[in-house]
A.B. asks: 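This structure is in structure tokens; I'll ask about it shortly.
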Protein chains: 2
Amino acid sequence: MTLSALADPTRRAILARLASGEASVSELAEPFDMSLVAVSKHLKVLEKVGLISKGREAQWRPCRLEPKPLRQVDDWLENYRQFWNGNLDRLEDYAALLQKGGKNDPTN
Amino acid sequence: MTLSALADPTRRAILARLASGEASVSELAEPFDMSLVAVSKHLKVLEKVGLISKGREAQWRPCRLEPKPLRQVDDWLENYRQFWNGNLDRLEDYAALLQKGGKNDPTN
DNA sequence: CATATATTAAACCAATAAGTTAATTAACTA
DNA sequence: TAGTTAATTAACTTATTGGTTTAATATATG
């Protein structure tokens, strides 16, 4: 679910924008060449998987980044990180490591 | 692309399997309750984004995990890692700054 | 050669995703 | 109260996705 939400470039751009602070729906929509409604739907997707939360301030719904799902992706990646930053070269070693501390898939 | 490929649980399970060593298409398909053809298509998706590569050995196509795209995801996550492994909740601090009319740089 | 095995290709189908426009709800403002 | 702004809901269209079954392509072996 989280990874599907992250699969869309518009949604990733929204997250990047929110990394520099809260923004309302129309502020978030402004850079994109699509309707406000479309952006609102993207925000709903992000909200459903917990990547953002929305507040209420008069008629605005300030959105903010919620990092927990991203941290879960990071945790999931941990299973594979040994493949590129490790000193290991052989698959058998990876297997041993994964047997020992492998995490299950937290992202679906 | 990469994230869309990772969005499917079957494909993530395939990657997890390949983390413990090469496997043929039918070996990879065995655990799943779907046709071999379906798994073959999943492998094609993974191959297209570079998450796996296929060799040739007689009539078998041994698949192996290719870590580069995963490392790119890891690099992308780096932009957000500050939000959860820092010693302070930057988002809440940033919100507080905005309330006071503070400046606009979340990275210092 | 004939047949079995491993895999891919082609054609098809149902469900989902991403977008649209039009209508609706809610809150502020003159 | 009337009108404007912010955002969501509803209904719809089109493209993509994930699966199916059947057919084709290689490769190995009796």
Side-chain angles (χ1 to χ4, degrees), chain A residues 1-18 20-66 69 73 105 107-108, chain B residues 1-18 20-66 69 73 95 98-99:
Chain A
M1 269 320 251
T2 297
L3 286 166
S4 328
L6 294 173
D8 185 274
T10 300
R11 290 195 286 263
R12 288 197 301 276
I14 288 172
L15 293 183
R17 165 66 183 79
L18 289 177
S20 54
E22 291 191 4
S24 71
V25 176
S26 22
E27 282 170 342
L28 289 171
E30 192 273 327
F32 298 105
D33 187 22
M34 69 179 69
S35 72
L36 180 76
V37 175
V39 172
S40 180
K41 284 184 179 181
H42 280 303
L43 292 173
K44 173 149 286 195
V45 172
L46 291 171
E47 193 180 19
K48 184 175 290 185
V49 302
L51 278 163
I52 69 167
S53 62
K54 283 186 206 165
R56 317 189 53 136
E57 221 169 288
Q59 63 249 252
W60 293 274
R61 298 294 122 90
C63 303
R64 68 160 61 187
L65 185 61
E66 293 289 344
V73 173
D105 192 335
T107 55
N108 60 353
Chain B
M1 327 69 58
T2 296
L3 286 166
S4 327
L6 294 174
D8 184 273
T10 300
R11 289 195 287 262
R12 288 197 300 276
I14 288 172
L15 294 183
R17 164 66 183 79
L18 289 177
S20 52
E22 291 192 3
S24 72
V25 176
S26 20
E27 282 170 341
L28 289 171
E30 192 274 327
F32 298 106
D33 187 22
M34 70 179 69
S35 72
L36 180 78
V37 174
V39 172
S40 179
K41 282 185 179 180
H42 281 303
L43 292 172
K44 173 149 285 194
V45 172
L46 291 170
E47 193 180 18
K48 185 175 288 182
V49 302
L51 278 162
I52 69 167
S53 62
K54 284 187 208 165
R56 318 188 54 138
E57 223 168 284
Q59 62 250 253
W60 293 273
R61 298 295 122 91
C63 302
R64 69 161 59 189
L65 185 60
E66 292 290 343
V73 172
L98 284 184
Q99 295 286 19

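Below, each value reflects all heavy atoms present in this structure, side chains not excepted, and no hydrogens, waters or symmetry copies. First the proteins, then the strands, lettered A, B, ... as listed; each starts at 1.
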A.B. asks: Hey, are the side chains of B/Val49 and B/Leu6 touching, using non-hydrogen atoms and a 4.5 Å cut-off?
C.D. replies: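 Side chain of B/Val49 against side chain of B/Leu6, heavy atoms only: no contact under 4.5 Å found.
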A.B. asks: Whole angstrom is fine here: how far is it from CG in B/Leu36 over to P in C/dT5?
C.D. replies: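 From B/Leu36 CG to C/dT5 P: 13 Å.
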A.B. asks: Using whole Å, report how far CZ of A/Arg61 lies from P of D/dA7.
C.D. replies: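 Those two atoms, CZ and P, are 8 Å apart.
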A.B. asks: Does a sphere of radius 6.0 Å around CE in A/Met34 hold more than 12 heavy atoms from other residues, nucleotides or ligands, not counting ones at 6.0 Å or beyond?
C.D. replies: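 Yes.
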A.B. asks: Taking for each residue the nucleotide of DNA chain C with the nearest heavy atom, is it A/Ala7 or B/Trp60 whose nucleotide lies nearer the 5' end?
C.D. replies: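 The residue mapped nearer the 5' terminus is B/Trp60.
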A.B. asks: With a 4.5 Å cut-off on side-chain heavy atoms, are A/Arg12 and B/Leu3 touching?
C.D. replies: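 In short, these two side chains touch, coming nearer than 4.5 Å.
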A.B. asks: Can you tell me if the side-chain N/O atoms of B/Lys54 get under 4.0 Å from OP1 or OP2 in C/dT7?
C.D. replies: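 Looking at the OP1 and OP2 atoms of C/dT7, neither is under 4.0 Å from any side-chain N or O of B/Lys54.
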A.B. asks: Any idea which of D/dT21, C/dA18, D/dA7 is nearest the A/Ser26 side chain?
C.D. replies: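 Within the option list, the nearest is D/dA7.
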A.B. asks: Can you check the B/Leu43 CG to C/dA6 C1' distance for me, whole Å?
C.D. replies: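 Value for this atom pair: 13 Å.
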A.B. asks: To the nearest Å, how far apart are A/Leu28 CG and D/dT8 P?
C.D. replies: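 Rounded to the whole Å, the gap is 11 Å.
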A.B. asks: Please compare A/Ala38 and A/Ala58 by the position of their nearest nucleotide in DNA chain C and report the one closer to 5'.
C.D. replies: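 Final value for this comparison: A/Ala38.
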A.B. asks: Look at the side-chain N and O atoms of A/Ser40 and state whether any lies under 4.0 Å from the OP1 or OP2 oxygen of D/dT8.
C.D. replies: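 For D/dT8, OP1 or OP2 has a side-chain N or O of A/Ser40 closer than 4.0 Å.
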A.B. asks: Quick check: do B/Arg64 and B/Ile52 have side-chain heavy atoms less than 4.5 Å from each other?
C.D. replies: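 Answer no - side chains too far apart.
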A.B. asks: Measure the distance from NZ on A/Lys44 to P on D/dA10 and round it to the nearest whole Å.
C.D. replies: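 That distance rounds to 9 Å.
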A.B. asks: Given atom NZ of B/Lys48 and atom C1' of C/dT8, what is their separation to the nearest angstrom?
C.D. replies: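 It works out to 14 Å between those atoms.
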A.B. asks: So, does A/Ser35 get its side chain near the phosphate of C/dG19, meaning an N or O under 4.0 Å from OP1 or OP2?
C.D. replies: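 Result: no.
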A.B. asks: With side chains defined as the heavy atoms from C-beta onward, is the minimum distance between B/Val39 and B/Ile14 less than 4.5 Å?
C.D. replies: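 With C-beta onward as the side chain, the pair touches.
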A.B. asks: Which of the following nucleotides, D/dA6, C/dA27, D/dT27, is nearest to the side chain of A/Arg56?
C.D. replies: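 Taking heavy atoms from C-beta onward, the closest nucleotide is C/dA27.
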A.B. asks: Over all strands shown, is B/Val45 touching base, sugar-phosphate only, or nothing at heavy-atom distances under 4.0 angstrom?
C.D. replies: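 The answer is nothing, as B/Val45 stays clear of every strand by at least 4.0 Å.
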A.B. asks: Establish, with yes or no, whether the OP1 or OP2 oxygen of C/dA17 is under 4.0 angstrom from a side-chain nitrogen or oxygen of A/His42.
C.D. replies: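 For C/dA17, neither OP1 nor OP2 has a side-chain N or O of A/His42 closer than 4.0 Å.
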A.B. asks: CG of B/Leu3 versus P of C/dA17: gap in Å, rounded?
C.D. replies: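 Those two atoms, CG and P, are 16 Å apart.
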A.B. asks: Is there a donor on the side chain of A/Lys41 or the base of D/dT9 sitting less than 3.5 Å from an acceptor on the other?
C.D. replies: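 Donor-acceptor pair under 3.5 Å: no.
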A.B. asks: Side chain of B/Val37 only, heavy atoms from C-beta on: which candidate in D/dA7, C/dT21, C/dT8 is closest?
C.D. replies: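 So the nucleotide nearest the side chain must be C/dT8.
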A.B. asks: Classify B/Ser24 by what it touches in the nucleic acid, base, sugar-phosphate, or nothing, heavy-atom distance under 4.0 Å.
C.D. replies: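 If one applies the 4.0 Å heavy-atom cut-off, B/Ser24 turns out to touch the sugar-phosphate alone, with no base involved.
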A.B. asks: Counting only side-chain nitrogens and oxygens, does B/Arg11 get under 4.0 Å of the OP1 or OP2 atom of D/dG18?
C.D. replies: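 B/Arg11 to D/dG18 OP1/OP2: side-chain N or O found under 4.0 Å.
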